[in-house]
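Here is the structure we will look at.
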2 protein chains.
Amino acid sequence: MAQSRPMRADARRNYDRLLAAATEAFAEQGENASLDDIAKRAGVGSGTLYRHFPTRLALLEAAYVDRIEALGARADELAEELPPGEALTEWLYELGVATIRMRGMKALLGSAVADGSSAALTACGTAMKGAAARLVEAAQAEGTLRADLEPVELLRLGHGVTTASELANGQGRELRRYLTLLTEGLRPAG
Amino acid sequence: MAQSRPMRADARRNYDRLLAAATEAFAEQGENASLDDIAKRAGVGSGTLYRHFPTRLALLEAAYVDRIEALGARADELAEELPPGEALTEWLYELGVATIRMRGMKALLGSAVADGSSAALTACGTAMKGAAARLVEAAQAEGTLRADLEPVELLRLGHGVTTASELANGQGRELRRYLTLLTEGLRPAG
DNA sequence: ACCTGAACACCGTTCAAGT
DNA sequence: ACCTGAACACCGTTCAAGT
């Protein structure tokens, strides 16, 4: 979905600067980084930020859409390297790690898999849901994943487990363990 | 841990009004309800709010400590009524429902089970951890819960699953299902 | 068509003055 | 000892004026 008309040169330049500034700011300060500060970093009036990115979520999406699409592609790589069940857990792990590392991404991924997920988030949402669907289907065919699990449920639970691991430790050192608890269940190992 | 000296009458009255106003505001607007608005509702200067509750979390804790202790007591009720494994899942469910219904409570419970949980949150933290510990121990003795699960891990995962169910639907209608997925695991039912 | 930045409404926090 | 509310620094958002 490219721009129907190319942007004016100054607009294009401001757009790029804003994106760079935003990526920096989100990485440093998380999803709530000051928008005004981002505009200042980009050397741009605050109104210009709003013109290009009417909502904070729009800016977050623009800042992370590449990474997210890379994560989608990563799912397919893993599917080739590993048996379906393992590919799925490994992907959830890498997804969680990315969510924790790139501090602004959590809100974005959350919104993308939320119920009324904003129509504007189609890019991230469909990338994630598509990747999840392929992994889920393969694992179900293999018989290592509950047949009644919806891809979006997997994403939401992954998000929740990541949240849980952040409670344990800002860096999510417990992420692997918590994912294991999810996949194996809380009942005794049998 | 009662006050060593009783509060002056006007201070006591302001304290109570602030708490009532805060409970209202948190219920309506969630954990980020405006503190200034809370002070205004209570008919009190904003400085007075800060005198009694130096941080937002302190106010949240004060507003919800009763409910949280009730949830702790509820754990023991359930332990008498149900077999340990069921008592545990049911408690997690009720905990999740409360977290979702009382909009301000989520942040509080989250902080209470977080790693560096603020020393000020001892009341909520110990109530939750104590209740969880009793349920976990019983279920482990019964053999329906993994022996290596720490009570605080249960609380964190419960928090995470609640988050997941909020993504599915603001009201958490999927909470029961998501808890089942956690307890049974993502592998096929055997 | 796009940009700027002042203006507005809001919020959290502090603190001098008051009782 | 406690309360008040003005003052400060900050933030998001809009919009008239400019190019």
Side-chain angles (χ1 to χ4, degrees), chain A residues 1-63 103-104 107-108 111 118 120, chain B residues 1-63 103-104 107-108 111 118 120:
Chain A
M1 252 222 264
Q3 292 281 345
S4 44
R5 285 262 221 125
M7 283 169 122
R8 224 171 64 177
D10 56 347
R12 170 90 248 163
R13 203 197 41 195
N14 285 339
Y15 182 94
D16 291 339
R17 285 188 182 170
L18 277 166
L19 220 44
T23 309
E24 249 187 51
F26 287 142
E28 288 171 17
Q29 310 169 29
E31 52 164 298
N32 290 317
S34 155
L35 296 181
D36 192 62
D37 177 52
I38 290 175
K40 279 211 184 77
R41 284 193 204 216
V44 142
S46 49
T48 304
L49 188 153
Y50 283 92
R51 158 170 289 270
H52 289 297
F53 308 102
T55 69
R56 164 174 251 111
L57 224 45
L59 185 54
L60 274 169
E61 171 161 70
R103 301 188 47 210
L108 175 62
S111 318
S118 152
Chain B
M1 252 221 267
Q3 291 282 343
S4 45
R5 285 264 220 122
M7 283 169 123
R8 224 170 65 176
D10 56 346
R12 171 88 248 163
R13 203 197 41 195
N14 284 340
Y15 182 94
D16 292 338
R17 284 189 184 169
L18 278 167
L19 221 44
T23 309
E24 248 185 53
F26 287 141
E28 287 171 17
Q29 310 169 32
E31 53 164 300
N32 291 317
S34 154
L35 296 181
D36 192 63
D37 177 52
I38 291 175
K40 278 211 183 78
R41 284 192 203 215
V44 143
S46 49
T48 304
L49 188 154
Y50 283 90
R51 158 170 288 270
H52 289 296
F53 308 100
T55 69
R56 166 175 248 110
L57 224 46
L59 185 54
L60 274 170
E61 172 162 69
R103 301 188 46 208
L108 175 61
S111 319
S118 153

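In the text below, chain A, chain B and the rest are named by the order of the sequence lines, each starting its count at 1. Not measured: the values here are computed from a predicted model.
Between A:A25 and A:A33, the shortest heavy-atom distance links the atoms O-CB, 3.8 Å. The minimum heavy-atom distance linking A:I38 with A:L59 is given by the pair CD1-CD2, 4.1 Å.
Put simply, OH on A:Y15 is 13 Å from P on C:dC2, counting in whole angstrom units. In this structure, A:F53 places its CZ atom 13 Å from P of C:dC2, rounding to the nearest Å. Taking atom CG of B:L59 as the reference point, atom P of C:dC11 lies 15 Å away to the nearest angstrom. Between the P atom of C:dC3 and the CZ atom of A:R13 lies a distance of 9 Å, rounded to the nearest Å. In this structure, A:R51 atom CZ and C:dG5 atom C1' are separated by 15 Å, rounded to whole Å. Nucleotide C:dA6 holds its C1' atom 17 Å from the CG atom of A:L49, rounded to whole Å.
The salt bridge (charged side-chain N to carboxylate O under 4.0 Å, His left out) test with B:D10 singles out one residue from B:R13, B:R8, B:R12, and that residue is B:R8.
A heavy atom lying under 4.0 Å from DNA chain D marks none of the residues of residues 17-26 of chain B.
The side-chain heavy atoms of A:R103 and A:F26, taken from C-beta on, include no pair separated by under 4.5 Å. Annotation: side chain of B:H52 is in contact with side chain of B:M7 (closest heavy-atom distance under 4.5 Å).
Partners of A:R51 according to the side chain to side chain contact (heavy atoms under 4.5 Å, CB included) rule, which considers only residues two or more places apart in sequence or in another chain, do not exist here. Scanning for side chain to side chain contact (heavy atoms under 4.5 Å, CB included) contacts around B:Y50 gives B:L35, with sequence neighbours left out.
A distance of 5.5 Å separates CG of A:N14 from OG1 of A:T48, quoted to the nearest 0.5 Å. One finds the CG atom of B:L60 at 10.5 Å from the CZ atom of B:F53 (value rounded to the nearest 0.5 Å). To the nearest 0.5 Å, atoms CD (B:Q29) and OG (B:S34) are separated by 7.0 Å.
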(request) Would you give a per-nucleotide map of nucleotides 12-19 of chain C, 5' to 3', where B means the base has a protein non-hydrogen atom under 4.0 Å away, S means only the sugar-phosphate does, and - means neither? (result) SBBB----
(message) Just to be sure I follow the notation: if a pair is Watson-Crick (purine N1 to pyrimidine N3 plus N6-O4 or O6-N4) or a G-U wobble (N1-O2 and O6-N3), each under 3.5 Å, what dot-bracket string does DNA chain D give, with | for pairs to another strand?
(response) ||.|||||...|||||.||
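Under the salt bridge (Lys or Arg N to Asp or Glu O under 4.0 Å) criterion, the residue pairs touching residues 25-35 of chain B are B:E28-B:R41, with sequence neighbours excluded.
Taking side-chain N and O atoms only, B:H52 has a distance below 4.0 Å to OP1 or OP2 of D:dC3. Look at B:N14 and you won't find any side-chain N or O under 4.0 angstrom from OP1 or OP2 of D:dC2.
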